[in-house]
Amino acid sequence: MSGVSETARLNIARRLRDAAVKYPHQRAVVFSAGRDRDGRRCYTQLTFAQLDRESDRLARGLCRMGVMPRTRLVLMVPPSLEYIALTFALFKTGAVIVLIDPGMGRSHIFRCLEEVEPDGFVAIPLVQAIRALKRNKFPRARINVTVGRRWLWGGMTYREVLGEEWSPFEMADTFASDPAAIIFTSGSTGPPKGVLYEHGMFDAQVNLIQRQYGIEPGEVDLSGFPLFALFNAAMGVTTVVPDMNPMRPADVNPQNIVEAIRDQGVTQAFGSPALWNRVGRYCETEAITLPSLRRVLAAGAPVPLHVVQRMRKALCRDGADIHTPYGATEALPVCSISGREVIEQTAARTRKGAGVCVGRPFPQISRKIIEITDGPIQSLDAVRELPAGEIGEIIVHGPSVTREYFRHPDDTAMAKIPDDDGFWHRMGDVGYIDDDGSLWFCGRKAHIVETKDGRMFPIPCEAIFNEHPRVCRSALVGVGSKPKQTPVIVVEPESGSFPTAENDRQRFAHELLKLAAENPKTAAIEHVLFHRSLPVDTRHNVKIARIALAAWAADRLPNMPDRNSSSASTIARTRAETIQQEIIR
């Protein structure tokens, strides 16, 4: 992994210790601690030496509680100094950290937890209270640490685990291929699954990201995604934990983000496109520039062009840009593209329905486009690799690509393709490679609309409708059974543009259908529905939940006419019916 044999000794926490030796007095973590009585923002912090020592103390206390290599502990603590110290402490013990997105919903959370069979919980009081009430579901959970006030559920508190004064802790002698974490997918296109991460995979991710973007020790990163703090500490970079709910980036207060960037001299910022949409609009409205920023990283979904344009305008430093690393929980990073490349080279093609260019691969990462196939693939020899320009499944290979889902052998078999040189991961996405070697994303495989006339891919089709000035975003969904689905476009208008009057709805829909008719990719679309706010994923607040949206659309088009009929009267009647549809949320 990253040039290290899988049998080589490697613990990702070793990189924190190295940073503590090289940069002992540099801030490792900075956390907003509210405001003083005069309204000034206050911050608490730990240097690299302090963070390393605090995690040593925690690791020793955890071992005294019975934690040992491969112990599975659920970590459910909000972004904070404690969260980062605990993460490295758990790595130092050799334990396997279980990370579950609280936004995925109660039923999913309990299913995931029962599936993992955790040996304990390191969590806030509310989670510990629920764990105590549901103790029969977690019979193995005997090692429990409360971050906050403990009541009647037993275990120890964070302060008690810290124990006495620091003394060096000898971290677990783990290997590159040893498990380090189980990170659950968001479940946006299916039930959440636990992705098994190894120490070597984390190490490879750090190396790939640092080299790709030229990140230097001493930089300051504002992290909108908690786990990115792990990468920062491993690179000798200061993490600023912003004042925001990481589960709801679309609702972030942009003033808090701008304030933190200015207060701390942030050079890099990482977050969801939904976060940068809010920040970019705020900077544009208030004529704000962010001269300290060298780069913004936006991940989780394709970044809309208007977000790229607004953020580039706010980045006034020479060479500063917004970058989009493409990947998934199972394989990150894969490719990257800069805002400059988007605006100068790919945006015009995207507008015409070419898909979204996600750039060229990171070093050591290989990608291929294969024929779209249902079911598991036994070997790479069993599939046909497609030529440049032809849309198919995206598969990837490299040192940061995970090898399995925890306790999901069938899903692992579906997602992995054995090869002489290890395995390839099926991204679950479709796209193509252009003549210049760049990868273009055309949507999720699960979201392809299969009509009697062939496949329709969401991202290229939606781009046509998104060109309308009143459209915020849109989603292509299929109504009916494959392969005879009827394509429907669901539109979320810009703020203040939702058509409430009858004549406005008719005019808006007519304009959209006219756009559709002018492009061969969308000419078959005859149904338009309006939605006040498209449902999105819980992690990034930006991936459209098209499967749920398709069910919603089907409920509003109960009398779908025979698509084999081409009479003018049928088409006119269909359009008249669908123009009337809207959702009241």
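Predicted, not measured: the structure shown is a model, and the values here were computed from it. For the numbers below, each heavy atom of this structure counts, side chains included, while hydrogens, waters and symmetry mates do not.
Shown here for T157 and G148, the closest heavy-atom pair between the two residues is CG2-O, 4.0 Å. Here the shortest heavy-atom pairing between W440 and A354 reads CE3-O, 3.5 Å. Annotation for M427 and A331: closest pair SD-CB, 3.9 Å, computed over non-hydrogen atoms.
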Quick one: side chains of residues 332-339, donor-acceptor pairs under 3.5 Å with protein atoms, not counting sequence neighbours, listed by atom name and distance.
{"from": "S336", "atom 1": "OG", "to": "Y213", "atom 2": "OH", "distance (Å)": "2.7"}
{"from": "S338", "atom 1": "OG", "to": "E341", "atom 2": "N", "distance (Å)": "3.2"}
{"from": "S338", "atom 1": "OG", "to": "E341", "atom 2": "OE1", "distance (Å)": "3.1"}

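Using a 4.0 Å cut-off between charged nitrogen and carboxylate oxygen, E115 and R407 do not count as a salt-bridge pair. Between R278 and D251, no side-chain nitrogen of the basic residue sits less than 4.0 Å from a carboxylate oxygen of the acidic one, so the salt-bridge criterion is not met. Between D119 and R70, no side-chain nitrogen of the basic residue sits less than 4.0 Å from a carboxylate oxygen of the acidic one, so the salt-bridge criterion is not met. A salt bridge does not link R9 with D178: every distance from a Lys NZ or Arg NE/NH1/NH2 to an Asp or Glu carboxylate oxygen is 4.0 Å or more. Between R403 and E198, at least one side-chain N (NZ, or NE/NH1/NH2) sits under 4.0 Å from a carboxylate O, which counts as a salt bridge. Taking a cutoff of 4.0 Å between a charged side-chain nitrogen and a carboxylate oxygen, R14 and D203 do not qualify as a salt bridge. Salt-bridge annotation for E385 and K368: present, with a side-chain N of the basic residue lying under 4.0 Å from a carboxylate O of the acidic one.
Evaluated for a side-chain contact (heavy atoms from CB on, under 4.5 Å) with I394, the options V430, L439, I433 yield exactly one hit, L439. Of the listed residues (V252, L222, L275), just one forms a side-chain contact (heavy atoms from CB on, under 4.5 Å) with P242, and that residue is L222.
Judged by distance alone, the side chain of T267 and the main-chain N or O of V220 form a donor-acceptor pair under 3.5 Å. Using a distance-only test at 3.5 Å, with no hydrogens or angles considered, no donor-acceptor pair links the side chain of Q268 to the main chain of R295. R111 places a side-chain N or O within 3.5 Å of a backbone atom of P192 that can act as its donor or acceptor partner. A donor-acceptor pair under 3.5 Å is formed between the side chain of T174 and the backbone N or O of L10. Without hydrogens or angle criteria, E393 side chain to R426 main chain gives no donor-acceptor distance under 3.5 Å. A donor-acceptor pair under 3.5 Å is absent between the side-chain atoms of E114 and the main chain of K137, judged by distance alone. Put simply, the side chain of E371 never gets that close to the backbone of R384: no donor and acceptor are under 3.5 Å apart. No side-chain donor-acceptor contact under 3.5 Å links T402 to the backbone of E404. With D419 contributing its side chain and L380 its backbone, the two residues share no donor-acceptor pair below 3.5 Å.
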If you apply the rule salt bridge (Lys or Arg N to Asp or Glu O under 4.0 Å), what do you find for R140 with E117, and how did you get there?
CA-CA 7 Å; R140 295 167 52 103; E117 292 186 293; 5.3 Å; no
Can you check ring-ring contact (aromatic ring centres under 6.0 Å, His included) on F202 and F91, steps first, answer last?
CA-CA 11 Å; F202 278 132; F91 285 146; 5.8 Å; yes
Take R455 and I372 through the test side-chain contact (heavy atoms from CB on, under 4.5 Å) and record every step on the way to the result.
CA-CA 11 Å; R455 293 181 175 126; I372 296 173; 3.9 Å; yes
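Evaluation of the salt bridge (Lys or Arg N to Asp or Glu O under 4.0 Å) rule for D18 yields no partner, not counting sequence neighbours.
Side chains of E390 and I369 form no contact here, defined as non-hydrogen atoms less than 4.5 Å apart. Contact check for L86 versus V147: side-chain heavy atoms found under the 4.5 Å cut-off. At least one side-chain heavy atom of D429 sits less than 4.5 Å from a side-chain heavy atom of R444.
A centroid separation of less than 6.0 Å is found between the aromatic rings of F138 and F121.
With F110 as the aromatic partner, K134 meets the cation-pi criteria of under 6.0 angstrom to the ring centre and within 45 degrees of the ring axis.
For the residue pair D243/S32, the side-chain donor-acceptor check at 3.5 Å is not satisfied.
Listed by first then second residue, pairs satisfying ring pair (Phe, Tyr, Trp, His ring centres under 6.0 Å) with a partner in residues 391-410 read H397-W424, not counting sequence neighbours.
At most 12 heavy atoms of other shown residues, nucleotides or ligands fall within 6.0 angstrom of atom CZ in R248.
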